[in-house]
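First comes the structure, then the notes that go with it.
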There are 2 protein chains.
Amino acid sequence: MGLRERKKRQTRRAIAEAALRLFAERGYEETTIADIAGAADVSPRTFFSYFPSKEDVVFAEIDERLTEVREGLDRRPPEETPLQSMRRIVLEMIEAIANEHGEYGAIQVQLILDRPSLQARALKRMNDTEQYVVERLTELCPGIDEVDAVVISGALVGGMKAVITHCRAHGYAPEATREAVDRALAIVEHGLGSVPVLTRPAT
Amino acid sequence: MGLRERKKRQTRRAIAEAALRLFAERGYEETTIADIAGAADVSPRTFFSYFPSKEDVVFAEIDERLTEVREGLDRRPPEETPLQSMRRIVLEMIEAIANEHGEYGAIQVQLILDRPSLQARALKRMNDTEQYVVERLTELCPGIDEVDAVVISGALVGGMKAVITHCRAHGYAPEATREAVDRALAIVEHGLGSVPVLTRPAT
DNA sequence: GTGCAAGTTCGCACTGAGTGTATATTCTGG
DNA sequence: CCAGAATATACACTCAGTGCGAACTTGCAC
């Protein structure tokens, strides 16, 4: 790897870290591109050759994580059922998020949860992942009904979302996480019919 | 209702229609706030006292629709099970969308599907609805597990999303729609276990 | 009607995100 | 060391969105 590419990585990292640090210190809206560029020792214009927008810098790492999820889906051993794959990947992802806690990961999540516009972008990414799951699913199970595939994918990703939310609220204790994942997947597998309160009229 | 309020409604409508028309004619990015204001015969500054942003004008009607869904949830007869309520509300909503087809409804959906940033906002709204369903659910079924509630809500709204997507792709034929809704809800109710391809290893 | 208070529109000046472009700087391969 | 490519930067620009104060319209009391 040449000097050129190394420097590029370095600059990208410098910008991302400066941005996250400033966002944490003084807030997202209160930080301008000029501030970030100044802190990272580049020109404001250069910021945009590394990140297409101010929002994207928040998602830099998260995108890498989502790429890993996709790769995990692609690499799944053939003897696994789709549900087993999902369980494995979700657990891996939660663990990765939990481990990242010391760095800027927590700040990112905090930012995304606070700013509605960032929330919207995060949901878009989730949705893109959902689309990807649909594609893989139709590829994996030829002849599967289209509605089935979309609903299944939605339920799986929805469950993942639920677990992440739950874990953030209750810390990342490993057994509790595993429990939540299993509980979510049980519903996805056996249906809401297994939740009694839903099948009888409730006032 | 006084003259003041009538005029306000009128202006709001004029702005929204001018905006949608221009978006359809020359594209979203190619239309500036100044263009819209000019077409609606108001000052650019006035636009922002009716809509907080350019994006929001696209969602004006859709927000009303979502409000209706919430109201439908609030008004549900006590003898219905939550699943039955959901089926009813989804069918009502699809029908409303289908009827709106003659007006600017189609343009709105087209815009949202094309522009990623609008897509993100639409997903945010879906997610807010999901939150609302969770709240109603915990209110309706005291003592329900938190993970359960989030997964259930995610699956229901995911199913709704699936049906809307499916209907857009295949037209809004009433029986086909009902079929898709029932298919989606069947999966949600009885679980993925009822879809054979998922429970055995598939390559 | 007249006048006053409240609501509404508008013009103006401003900030900040993001883009196009031309110029300088830095790296790479020979 | 040099030619050419990649990268960084300065500059000028568009557009979304905000704050503010002045002008105007409406509702209401007298």
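Letters A, B, ... are given to chains in the order of the sequence lines, protein chains preceding strands, and every chain is numbered from 1.
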Is there, by distance only and without an angle test, a donor paired with an acceptor across the side chain of Arg4(B) and the base of dT25(D) below 3.5 Å?
yes
Among dG16(C), dA16(D), dT28(C), which is the nearest nucleotide to the side chain of Phe48(B)?
dA16(D)
salt_bridge(Asp128(B), Lys124(B)) N-O dist < 4.0 Å:
yes
Whole-Å distance separating the NZ atom of Lys8(A) from the P atom of dT28(C):
12 Å
Does the distance from a Lys or Arg side-chain N to an Asp or Glu carboxylate O, for Glu55(B) and Arg115(B), drop under 4.0 Å?
no
dA8(D) P sits how many Å from Gln10(A) CD, rounded?
11 Å
Does the side chain of Lys7(B) get closer than 4.0 angstrom to OP1 or OP2 of dT26(D) through an N or O atom?
yes
Does Thr46(B) make a side-chain N or O approach to OP1 or OP2 of dT9(C) shorter than 4.0 Å?
no
With DNA chain D as reference, determine whether Gly2(B) or Pro52(B) sits nearer its 5' end, using the nearest nucleotide of each.
Pro52(B)
Measure across Arg26(B) and Thr31(B) and return the closest heavy-atom pair with its distance rounded to 0.1 Å.
CG-OG1, 3.4 Å
Could you tell me how far apart Phe23(A) (CZ) and dG16(C) (P) are, to the nearest whole angstrom?
14 Å
How close do Ala149(A) and Thr138(A) get, counting heavy atoms only, and between which atoms?
CB-CG2, 4.2 Å
So, does Lys54(A) get its side chain near the phosphate of dG16(C), meaning an N or O under 4.0 Å from OP1 or OP2?
no
With Asp63(B), which of Arg121(B), Arg125(B), Arg70(B) fulfils salt bridge (Lys or Arg N to Asp or Glu O under 4.0 Å)?
Arg125(B)
First encountered from the 5' end of DNA chain C, between Thr31(A) and Ser49(B):
Ser49(B)
If you check the Ser43(B) side chain, which of dA17(C), dC10(C), dT18(D) turns out closest?
dC10(C)
Rounded distance in Å - CD1 (Ile36(A)) to P (dG18(C)):
10 Å
To the nearest Å, give me how far apart CZ (Arg6(B)) and C1' (dG27(D)) are.
13 Å
Starting at atom CD1 of Ile15(B), determine the distance to atom P of dG17(D), rounded to an integer number of angstrom.
14 Å
Under the 3.5 Å rule, do the base of dG17(D) and the side chain of Arg45(B) count as making a donor-acceptor pair?
no
Between dG27(D) (P) and Glu5(B) (CD): distance, integer Å:
10 Å
Can you tell me how far C1' of dG16(C) sits from OH of Tyr28(A), to the nearest Å?
12 Å
Using a heavy-atom cut-off of 4.0 Å across all strands, would you classify Tyr50(A) as base, sugar-phosphate, or nothing?
sugar-phosphate
